[in-house]
Amino acid sequence: MVVCLVGFWLFENFYTPDTYTAPEGVAPKVNIPFDFLPSSTTGEIVQHNYFTLSYSEKHEQAEWVAYQLDRNQLTYDDRTRPYFIEDPQVRTKSADYKNYKRSGYDRGHLCPAGDRRFSEYAYNETFYTSNISPQNREFNAGIWNELENTVRYWTKKYDGVYVITAGVLSDGLDSIGDEDVTVPAYFYKIVARRDGAEIKAIAFLFKNKESKSSLKSHVVTIDKIEQKTGIDFFEKLPNAMEDKFESTVILENWKF
DNA sequence: CTGAAGCAC
DNA sequence: GTGCTTCAG
């Protein structure tokens, strides 16, 4: 019996895929447009087929994940959750999912699996651990989930948005697991859309814990997120345009 | 929707 | 290791 189990384990381990593959062949790269890419403080940018990220090896997670969400990508296909695996495109390998086991924290998606149900590959891709951060259970299932649902609503209403999101990474924070995955104290999300020649954007900042206050009360300027993260968002856009919408909060541009 | 955890194989 | 079921916010 023991021999059988060991043999079974070896067999399975040998054939365990280390990457997700597109069943339909080569999936297209549908990334966030160049104009919307933030700066990278780590220099390690990874482009997946349906999202782009900047990985921080020091903190064993992304400092940002950016993706475009189109109206026609919002489907309700039933998908089976795959296992979280290390991102083969991160040179140093992203964190092993076991760091999170019994840590008390969720493996919180940055690019939500719920936004990527239109294909099996797109869905599976969100389960690379480079797209995962330690999130408080009540935060993830609560106001963070509420914001993700709101982003899907805006996607339908405004015909597509761009999303940039992650935890705020810095020294001195708690960590979990053998690889010391940093537990962010804050999470941010920036949502932008085109409106003719204009860009409209809104930014949110949350503590990594349960919140019972409204989404609106968590709206901040993009400047504020830049101060906390050291990341330059929308650096590829003309300065005049960038300065204008990064320093102000205009709630009227977004229907809640 | 967002997830964890236990158990058989 | 995977597959399946059960459970919670």
Side-chain angles (χ1 to χ4, degrees), chain A residues 1-21 23 50-51 61-62 65 67 69-71 73-88 93-120 122-157 161 163 165-167 176-178 181 183-184 186-189 191 204 206-215 218 256:
Chain A
M1 185 52 131
V2 172
V3 172
C4 283
L5 283 175
V6 169
F8 181 76
W9 182 83
L10 286 171
F11 177 87
E12 288 297 313
N13 203 35
F14 185 76
Y15 284 101
T16 297
D18 57 2
T19 184
Y20 297 120
T21 51
Y50 298 103
F51 62 88
Q61 64 199 278
V65 169
Y67 64 102
L69 184 55
D70 291 330
R71 185 187 272 163
Q73 290 176 331
L74 290 178
T75 67
Y76 300 94
D77 302 73
D78 262 325
R79 302 275 171 207
T80 305
R81 289 170 71 96
Y83 290 96
F84 290 99
I85 62 175
E86 295 172 354
D87 187 340
K93 295 295 179 187
S94 56
D96 190 292
Y97 78 93
K98 286 193 284 295
N99 288 285
Y100 290 73
K101 197 158 191 176
R102 296 178 184 270
S103 69
Y105 289 94
D106 275 14
R107 302 162 178 94
H109 277 87
L110 296 174
C111 176
D115 288 356
R116 289 288 176 264
R117 290 180 165 274
F118 53 88
S119 86
E120 181 179 324
Y123 186 74
N124 287 352
E125 221 178 28
T126 70
F127 286 79
Y128 286 130
T129 56
S130 52
N131 185 44
I132 300 298
S133 288
Q135 289 185 330
N136 169 276
R137 189 84 190 82
E138 288 72 32
F139 166 67
N140 186 22
I143 198 163
W144 189 250
N145 187 26
E146 184 186 339
L147 177 54
E148 289 174 345
N149 283 323
T150 303
V151 169
R152 285 188 273 270
Y153 164 68
W154 286 337
T155 299
K156 282 184 250 185
K157 182 174 181 61
V161 297
V163 184
T165 189
I176 55 172
D178 293 340
V181 180
V183 180
Y186 293 88
F187 279 87
Y188 70 87
K189 194 185 289 283
V191 186
F204 298 83
F206 307 89
K207 283 188 177 171
N208 188 10
K209 65 172 198 178
E210 182 175 27
S211 168
K212 293 187 174 176
S213 48
S214 67
L215 270 182
H218 294 278
F256 281 79

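All values derive from a computational prediction rather than experimental measurement.
- For the pair A:Phe206 CZ and B:dT2 C1', the computed distance is 14 Å after rounding to whole Å.
- As a whole-Å value, the separation of A:Phe139 CZ from B:dG3 P is 11 Å.
- In this structure, the nucleotide among C:dG1, B:dG3, B:dA5 sitting nearest to the side chain of A:Arg102 is B:dA5.
- Under the 30°/60° scheme for interplanar angles, the aromatic rings of A:His218 and A:Phe206 are found to be tilted.
- Checking A:Asn131, A:Leu110, A:Val163 one by one against A:Phe51, the side chain to side chain contact (heavy atoms under 4.5 Å, CB included) holds for a single residue, A:Asn131.
- Evaluation of the salt bridge (charged side-chain N to carboxylate O under 4.0 Å, His left out) rule for A:Lys98 yields A:Asp96 as partners, not counting sequence neighbours.
- Atom CG in A:Asn149 sits roughly 9 Å away from atom C1' in B:dT2 (whole-Å rounding).
- The side chain of A:Asn140 contributes no N or O atom lying less than 4.0 Å from OP1 or OP2 of B:dT2.
- Residue contacts for A:Asp106: at a heavy-atom cut-off of 4.0 Å it reaches the sugar-phosphate backbone alone, with no base atom in range.
- Using a 4.0 Å heavy-atom criterion, one finds that A:Gln135 contacts no nucleic acid atom at all.
- An OP1 or OP2 oxygen of C:dG1 is reached within less than 4.0 angstrom by a side-chain nitrogen or oxygen of A:Lys98.
- As rounded to whole Å, 14 Å separates atom C1' of C:dG1 from atom CG of A:Asp18.
- Between the side chains of A:Ser94 and A:Asp87, no donor-acceptor pair of N or O atoms lies under 3.5 Å.
- If you take CZ of A:Arg81 and C1' of B:dA5, they are 13 Å apart, rounded to a whole angstrom.
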**Item:** B/S/- contact track for nucleotides 3-9 of chain C, protein heavy atom under 4.0 Å
**Value:** B----BB
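- Remark: P of B:dG3 and CZ of A:Arg79 are 17 Å apart, rounded to the nearest angstrom.
- Remark: the A:Asp106 side chain and the A:Asn140 side chain contain an N/O donor-acceptor pair separated by less than 3.5 Å.
- Scored by the salt bridge (charged side-chain N to carboxylate O under 4.0 Å, His left out) test, A:Arg71 finds A:Asp159 as partners (sequence neighbours excluded).
- Residue A:His109 places at least one side-chain N or O under 4.0 Å from the OP1 or OP2 atom of B:dG3.
- No hydrogens or angles considered: a donor-acceptor pair under 3.5 Å links the side chains of A:Tyr128 and A:Thr19.
- Looking at heavy-atom distances under 4.0 Å, A:Tyr97 makes contact with sugar-phosphate atoms alone, never a base.
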